Participant: 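If you scroll down you'll find the structure; I have some questions about it.
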Amino acid sequence: MYIVGFAESFRDVLIDYNIGTIFDGGLWDVRVIGFVTCVILMGIVFIGSEFESKMQLGLLVILLVSIANYVFGSFFPPNEIAMNRGATGYSLDTLQSNFMPHFTENNTFFSVFSVYFPAATGIMAGANISGDLANPQQAIPLGTLLAILVTTIVYLLTVWMTGSTVVAFSNGTEPAVFNNSYFVPPDCTPDCPFGLVSYYQVVEMSSFWGPLITAGIFAATLSSALASLVSAPKVFQAVCKDRLFPRIDYFAKTYGKNEEPKRAYVLGFFLAMGIVAIGDLNVIAPIISNFFLGSYALINYACFDQSFADSPGFRPGFTYYNMWISLVGALLCVFVMFIIDWFSALVTFFCFGAIFMYLLHRKPDVNWGSSTQAHSYKNALSAMIKLSTTEEHVKNYRPQVLVLSGNPASRSCLVDFANNITKGSSLLVCGQVVPYEPSDRVYMVMKRLDENINVWLRKRHLKAFYRAVANSNFRKGAQSLIQLTGIAKMKPNIVLMGFKSNWYKGGPTETNLNEMNEYFGTIQDVFDWNMAMCVLRNGQVGLDFSEAMRNLNLIEPNRLNVPPIEEKEKEKEKTNENSPETVHLIEKDETARTDKSGDDGSSSISINETYVSDENQEDADGDDDNDNDGEESGADDEHQKEDDVELGVIDEQEKRHFSLRRRGSRRHTVEQKALLSSIQRFNRKVKKGTIDVWWLYDDGGLTLLIPHLLAIPKSYLEGARLRIFTISTSSRTMEQEQRGMAALLSKFRIDYSDVYVIADIGKKPRQETMNTWQSVIDPFIAQDGSCPIGMTTKSELSAQRDKTYRQLRAGELLNEHSINADLIVMTLPVPRKGMVSSSLYMSWLEVMTRNLPPVLLVRGNQQSVLTFYS
């Protein structure tokens, strides 16, 4: 726009001085002059910002001298030619005649305003080059306010001076005529060639030396054009660096010590050439004005929005700032946009809205500290406070799950399964117990772990939170998680753990008993805290794939055996203090012990590993054990060499995107594909699946609700059919009980395919089942009076014989009826305190769920979660 203004002035100079025209003295002359000017200015820009700044100073001097030339010349009496063109010198009569508007043709106040407004659009020049300023925080406000003050004074003085010295209309052949101080318009009005309305050279005509005014016009237009050609590419370069849009990072490349965006300069050059090709300033100005007004409206609203969000970080340094003035300014800008040209305003808002919706959808990985973040916090806080005062109702019950996952990346199957229940519409928290006593070093490691886990959750599109506590005792750490996780009504009401499948391996050693007792005690603590309990057993595969990965060379074993923090601190004292460190938390499998050694059979893996299948394009993360859920260990402070696998925390600018790649092989073997498929088991859709629900006891309906949630959309078992199994007290009432159960499910609006009533659950289990159970429990039987905690006695076995038979018989029925199901959901036996030992209870679960598809053991807290009412 500024280049077109310069081109029009240059063309008029050629005509006024009879130098001639290039083509027709019209638009094509303006276009050619504009193209040449644009090329010259771009050459200045490419020389460098320092040279451009010197040019700006030179142009400023010319502009100031030009203004002084006009002010000085306006006090001299006009010559005859000037008088014939409407000049009168300073006159109150002239001022009075120009005091009211004289709009011609289709012009209105706002059409003239749209042409004049770009003269006041330089207020963002300082902000646009903030990266080049030594102290932008001080320079931008001071420079902007002074620029507004000076330009306002100059503009107002120019308006009053021209309005006092030149009449609105003149025919160019005779001086202005006044009758009793009233101006008498000539016969040519309103199409007179001279006067304030039609003659654009009135300032030059009234100045002391006319050519200096022309030089000032050139300086003003060229200065603004240079500023635009420099500042706009710099702003665009910042957008490109943030990668807000795809494939624009090409223009983010910088050159030289001043980081010049030369590629963006070239793009700006071609865009400027396109606008110059229009050639008509009166056409360009309203379009530019609309976009400027739109930008100012957004800036004003952004200030208001930041203040309205009550963000402590928004502290305007301007003493007289007021949020409501910002809002009024935004509304005025929008109002003027539609007054100037409603169609252009609609197009402008459509462009802004499209950009906003795109960014909202794309969610670029940038952090600007925007008012949207402040509002998110404020709205969340308000919603939490409102929710805390809202009385709970069964119709609004949501399963809020605390997964004792330990390192979530090590048990991604467990986290994925929980996500199938919550689906992003209920609270999901991954809890981890870091098995060390709290210390500064442990806190540092936990902070790094928190950052990495949250990146991992986002990368897998899991709407979940992560919470870790440091405690050397797993049960005490789990108690802390159960008590402290959540806030107000946003607290977990379900605890999910993986089944400890190796509890009996290695025999009743002191370490095994301690781990088993902690696991068993945690289940009891969940019931004591009046929460629901779920235990997931993933068939014979388990939830720990670290050993299989080592065997298939998907990870390097020597990278997994990380010493405890205490040993690492001793080693650190012996190493070079200047060596760089990278902290890694690993999962310590304290349960994978063998008879040959009493040490950790470390089944651990770095938190930062993500397994990417070329065929599946989904993360296949699986570290650490499925046994002692929620227990986490260690820190690795050594740099890992980038050999066959890329592990750990990588460049901060990459936002810690993690990957694992086999060097020299892009294709996985059949075994590796099978393993990666197993890791993704609860992410793959199962067509025409089957969920068998064994509802043995009334626990409030949770055993029915969870299978229903797993069968509806956004679950890996979406569309699965539900088969309901229940028990009967008498074979004679089976048919009646079956009809009653079907009616109950219909009232609960639970879709099911079949209802089965089992009458022989009280039958004694087969001898084969008894032998299997006996082989599991025998090593844990001790003599009465000298029984270690966790082991069982013969008297306890005798007292719990009927219950044992019932659990073993339930396992037989599961193998008989549900062996082909995709998931089995069954009521979890309650571990009565002081009545059943941990080894006996674990033996029930072991035999009951052995050699079956995935089994989810569920026990509600007797709170009703289903209702007849919709």
Side-chain angles (χ1 to χ4, degrees), residues 108-130 133 135-160 224 227-228 231 235 238 285-342 344-346 348-353 355-356 359 368-379 381-382:
T108 62
F109 171 82
F110 288 102
S111 65
V112 176
F113 176 83
S114 67
V115 176
Y116 178 78
F117 180 76
T121 57
I123 60 174
M124 296 300 297
N128 291 340
I129 60 170
S130 58
L133 300 176
N135 188 4
Q137 187 173 359
Q138 179 180 359
I140 291 177
L142 180 61
T144 301
L145 292 176
L146 285 177
I148 292 174
L149 176 64
V150 172
T151 53
T152 300
I153 294 173
V154 171
Y155 289 162
L156 289 177
L157 284 177
T158 303
V159 169
W160 282 92
S224 299
S228 299
S231 60
V235 174
I287 300 174
I288 300 297
S289 296
N290 252 302
F291 278 97
F292 270 123
L293 284 167
S295 300
Y296 297 155
L298 292 177
I299 293 171
N300 275 287
Y301 182 77
C303 293
F304 165 78
D305 201 44
Q306 281 279 18
S307 300
F308 192 72
D310 296 327
S311 176
F314 183 66
R315 299 182 295 274
F318 185 52
T319 306
Y320 304 103
Y321 168 78
N322 185 283
M323 59 182 289
W324 300 109
I325 294 178
S326 296
L327 179 61
V328 171
L331 296 176
L332 283 176
C333 289
V334 174
F335 174 74
V336 173
M337 286 176 65
F338 281 93
I339 293 296
I340 292 175
D341 186 352
W342 65 269
S344 297
L346 288 178
T348 302
F349 274 99
F350 175 79
C351 294
F352 288 169
I355 293 173
F356 176 76
L359 294 178
W368 294 319
S370 64
S371 60
T372 305
Q373 294 173 321
H375 276 295
S376 296
Y377 176 86
K378 185 178 180 181
N379 294 338
L381 181 61
S382 300

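We're numbering straight along the sequence, starting at 1. As the structure is a computational prediction, the values presented were derived from the model and not from experiment.
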Participant: Write down the atom of S307, the atom of F314, and the distance for their closest heavy-atom approach.
Facilitator: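 It is OG-CE2, 3.2 Å.
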Participant: If you measure from CZ on F291 to CE on M337, what distance do you get to the nearest 0.5 Å?
Facilitator: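 Separation between the atoms: 8.0 Å.
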Participant: When rounded to the nearest 0.5 angstrom, what is the spacing between CZ in R315 and CD in Q306?
Facilitator: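 The distance works out to 11.0 Å.
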Participant: CZ of F338 to OG1 of T348: how many Å apart, nearest 0.5 Å?
Facilitator: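 Answer for the CZ-OG1 pair, F338 versus T348, is 8.5 Å.
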Participant: Determine yes or no for a side-chain-to-main-chain donor-acceptor pair under 3.5 angstrom, with D305 supplying the side chain and Y301 the backbone.
Facilitator: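 Judged by distance alone, no pair lies under 3.5 Å.
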Participant: Just so I know, are the side chains of I325 and F304 near enough to count as touching, which here means a heavy-atom distance under 4.5 Å?
Facilitator: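 No - every pair of side-chain heavy atoms lies 4.5 Å or more apart.
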Participant: To the nearest 0.5 Å, what is the distance between CD1 on I340 and CG on L293?
Facilitator: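 It is 5.0 Å, given to the nearest 0.5 Å.
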Participant: Please name all residues satisfying side-chain hydrogen bond (donor to acceptor under 3.5 Å, both in side chains) with N322, sequence neighbours left out, ordered by chain then number.
Facilitator: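 Scan of N322 (side-chain hydrogen bond (donor to acceptor under 3.5 Å, both in side chains), adjacent residues dropped) gives none.
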Participant: Of the options I153, T152, L145, which is the one that meets L149 in a side chain to side chain contact (heavy atoms under 4.5 Å, CB included)?
Facilitator: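 Only match with L149 under side chain to side chain contact (heavy atoms under 4.5 Å, CB included): I153.
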Participant: Got F109 and I339 here, is their nearest side-chain heavy-atom distance under 4.5 Å?
Facilitator: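 They are not in contact (no side-chain heavy atoms under 4.5 Å apart), so the answer is no.
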Participant: At what distance, to the nearest 0.5 angstrom, does CG of L298 lie from SG of C303?
Facilitator: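 It is 11.0 Å, given to the nearest 0.5 Å.
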Participant: Which heavy atom of Y296 sits nearest to which heavy atom of C333, and what is that distance?
Facilitator: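 That closest heavy-atom pairing would be CB-SG, 4.0 Å.
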Participant: Can you give me the closest heavy-atom contact between A330 and A297, atom names plus distance?
Facilitator: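 Nearest pair, atom of A330 first, then A297: CB-O, 3.5 Å.
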Participant: Should we say atom CZ of F308 is surrounded by more than 12 heavy atoms from elsewhere, each under 6.0 Å from it?
Facilitator: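 Counting other residues, nucleotides and ligands, CZ of F308 stays at 12 neighbours or fewer.
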Participant: First locate atom CZ of F113, then atom OG of S289, and finally report the distance between them rounded to the nearest 0.5 Å.
Facilitator: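 If I round to the nearest 0.5 Å, the distance is 7.5 Å.
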Participant: Of all the heavy-atom pairs spanning V154 and T158, show the shortest one and how long it is.
Facilitator: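 Minimum heavy-atom separation between V154 and T158: O-OG1, 2.7 Å.
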Participant: Can you find a pair of side-chain heavy atoms, one from Y321 and one from S326, that are under 4.5 Å apart?
Facilitator: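 Sidechains of S326 and Y321: in contact.
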